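Fair warning: this is a prediction, and the values are worked out from it, not measured in the lab.
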Amino acid sequence: VCIDFTTPDLALDHLHQYAFWGVDAVIGTTGWYDDLPKVREWVDEGQNGVLYAPNFSLGVALVQRALRAMLPLLDALEDYDPWIHEVHHTGKVDSPSGTALALAETVCEGLARKTRIEPETQHGAIDAASLHVTSARAGRVFGEHTVAFDSAVDRIEIVHRAKDRRAFAVGAVRAAEWIRGRAGLFTLDDMLDEGYGMGDAG
C-alpha cells in the first residue's frame, strides 16, 4: 500500500499510476477533488483500492461525526451563526487547510441558510448566506480547527488540536491496513463505518 502525502500538482499523476499498477493507496493530499470522477474511472479500471481524506486524524473524523449529528437541530435554530477558524505552522502551503474546507462543506450541507464558503478576508459586512472560514499561520502549530456557532446568548465551539504529527500517522497506517486488498474509492468514513462499528453515528 502506498501512503501518499505529497502535493496537489503530483496527486493526479500518482493516482493514475497506482491504478495502472493495481496498487492500493492512502491519499492525504488535497486539491484534486474536482477530478474525483476521473479518478473513480481509473480505480474501476485498475481494480485497486484508494482511501482519501483531507485529514487522517481520527479525532477530526469524530468532529465531523459530531457536526453531522448536531446540524439537523442547528438548521432549525437560525439564531446560531457558524464560522470556522484554523491555525497551522508557518510552513503550511495551503490556506485555508483542506480540513477546514471539508468541515465547511459539512456545515453548508447541513445548514440551508449557508450556501457558500467564504475563505477571503472581509472588508465589509459579510453576506448572511456565506460561511466565513479564516486562517492563521504562526510558529510550529501542528493543526488547530475550530467550528463555532454563535447566538445572541451563547456560543457552541467544537475544537480539535493536533498535539503531535503521530495523530496523522496513526490514522494513515490504520487506513493502509484497512484498504489493502479492497477495490474502489473510499473515504475515512467508510473505514470507520466498517472497522469501528460507527455506522449509526454518521
Side-chain angles (χ1 to χ4, degrees), residues 1-21 23-46 48-61 63-64 67-68 83-109 114-121 130-138 140-147 160-162 165 167-176 178-179 184-192:
V1 178
C2 292
I3 298 179
D4 191 327
F5 284 73
T6 52
T7 57
D9 58 319
L10 298 174
L12 274 180
D13 287 341
H14 289 184
L15 283 159
H16 190 257
Q17 196 65 48
Y18 299 144
F20 179 75
W21 289 334
V23 172
D24 301 328
V26 170
I27 309 293
T29 306
T30 59
W32 58 271
Y33 293 171
D34 288 345
D35 291 299
L36 270 169
K38 182 191 305 181
V39 173
R40 192 177 302 278
E41 289 180 11
W42 296 340
V43 169
D44 287 344
E45 291 173 6
N48 65 318
V50 172
L51 192 155
Y52 68 97
N55 189 312
F56 276 89
S57 164
L58 296 181
V60 168
V63 166
Q64 287 276 33
L67 279 175
R68 291 189 193 116
W83 52 267
I84 294 174
H85 182 68
E86 57 97 354
V87 185
H88 278 87
H89 55 86
T90 54
K92 178 78 170 164
V93 296
D94 57 335
S95 177
S97 68
T99 300
L101 291 175
L103 292 167
E105 287 169 6
T106 297
V107 172
C108 284
E109 287 167 6
K114 294 297 177 181
T115 58
R116 72 185 194 93
I117 297 165
E118 180 52 75
E120 300 298 332
T121 300
S130 295
L131 171 62
H132 202 189
V133 179
T134 59
S135 304
R137 298 290 174 260
R140 301 178 181 179
V141 180
F142 291 121
E144 180 176 316
H145 294 85
T146 301
V147 183
H160 179 269
R161 293 185 182 92
R165 290 189 191 277
F168 313 115
V170 167
V173 170
R174 288 185 179 177
W178 185 85
I179 196 67
L185 198 58
F186 301 93
T187 67
L188 205 52
D189 273 338
D190 296 314
M191 182 186 89
L192 292 174

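With values rounded to the nearest 0.5 angstrom, Phe186 atom CZ is found 14.0 Å from Ile27 atom CD1. For the atom pair NE2 of His14 and CG of Leu12, the computed distance is 10.5 Å after rounding to the nearest 0.5 Å. One finds the OH atom of Tyr52 at 11.5 Å from the CD1 atom of Ile179 (value rounded to the nearest 0.5 Å). With rounding to the nearest 0.5 Å, the separation of CZ in Arg165 from OG in Ser57 is 13.0 Å. To the nearest 0.5 Å, the span separating CG on Leu67 from CG on Leu103 amounts to 6.5 Å. Rounded to the nearest 0.5 angstrom, His160 NE2 and Glu86 CD are separated by 13.5 Å.
A pairwise comparison of heavy atoms in Val39 and Leu185 identifies CG1-CD1, 4.1 Å as the closest pair. Annotation for Val133 and Ala100: closest pair CG1-CB, 4.0 Å, computed over non-hydrogen atoms. For the residue pair Ala176 and Ile3, the shortest heavy atom distance occurs at CB-CD1, 4.0 Å. When all heavy atoms are compared, the tightest approach of Trp178 to Met191 is CG-CG, 3.5 Å. Across every non-hydrogen atom of Phe56 and Ala175, the tightest pair is CE2-CB, 3.7 Å. When every heavy atom of Ala61 is checked against every heavy atom of Leu188, the shortest pair comes out as CB-CD2, 4.0 Å.
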Would you check, one step at a time, whether the test side chain to side chain contact (heavy atoms under 4.5 Å, CB included) holds for Ile117 with Glu105? CA-CA 8 Å; Ile117 297 165; Glu105 287 169 6; 3.8 Å; yes

List the steps, then state whether side-chain hydrogen bond (donor to acceptor under 3.5 Å, both in side chains) holds for Ser130 with Arg116. CA-CA 5 Å; Ser130 295; Arg116 72 185 194 93; 3.3 Å; yes

Any chance you could lay out the side chain to side chain contact (heavy atoms under 4.5 Å, CB included) test for Val50 and Leu15, step after step, and finish with the verdict? CA-CA 8 Å; Val50 172; Leu15 283 159; 3.8 Å; yes

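The aromatic ring centroids of Trp83 and His132 lie 6.0 Å or more from each other.
Residues passing the salt bridge (charged side-chain N to carboxylate O under 4.0 Å, His left out) test with Arg140: none are found, sequence neighbours excluded. Listed by chain and number, the residues in a salt bridge (charged side-chain N to carboxylate O under 4.0 Å, His left out) with Asp189 are Arg65, Arg68 (sequence neighbours excluded). Residues satisfying the ring pair (Phe, Tyr, Trp, His ring centres under 6.0 Å) test with Phe168, not counting sequence neighbours, are none. Residues passing the salt bridge (charged side-chain N to carboxylate O under 4.0 Å, His left out) test with Arg161 are Glu144, sequence neighbours excluded. In this structure Asp94 satisfies the salt bridge (charged side-chain N to carboxylate O under 4.0 Å, His left out) test together with Lys92, sequence neighbours excluded.
Residues Ser97 and His88 bring no donor and acceptor atom of their side chains to less than 3.5 Å of each other. Side-chain contact annotation: His85 with Thr134, donor-acceptor N/O pair under 3.5 Å present.
We find that Lys114 and Glu109 are not joined by a salt bridge, their nearest charged nitrogen and carboxylate oxygen being 4.0 Å or further apart.
In this structure a side-chain-to-backbone donor-acceptor pair under 3.5 Å is missing from Asp13 to Leu10.
When the shell of 6.0 Å around CZ of Phe5 is examined, it contains more than 12 heavy atoms from other residues, nucleotides or ligands.
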Table please: side-chain donor-acceptor pairs of residues 28-35 below 3.5 Å, with sequence neighbours left out.
unit_1, atom_1, unit_2, atom_2, d
Thr29, OG1, Thr6, N, 2.9
Trp32, NE1, Thr29, O, 2.7

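When side chains are defined from C-beta on, Val1 counts as touching Val26, because their heavy atoms get closer than 4.5 Å.
Applying the side-chain hydrogen bond (donor to acceptor under 3.5 Å, both in side chains) test between Tyr18 and each of Asp4, Asp24, Asn48 identifies Asp4 as the sole match.
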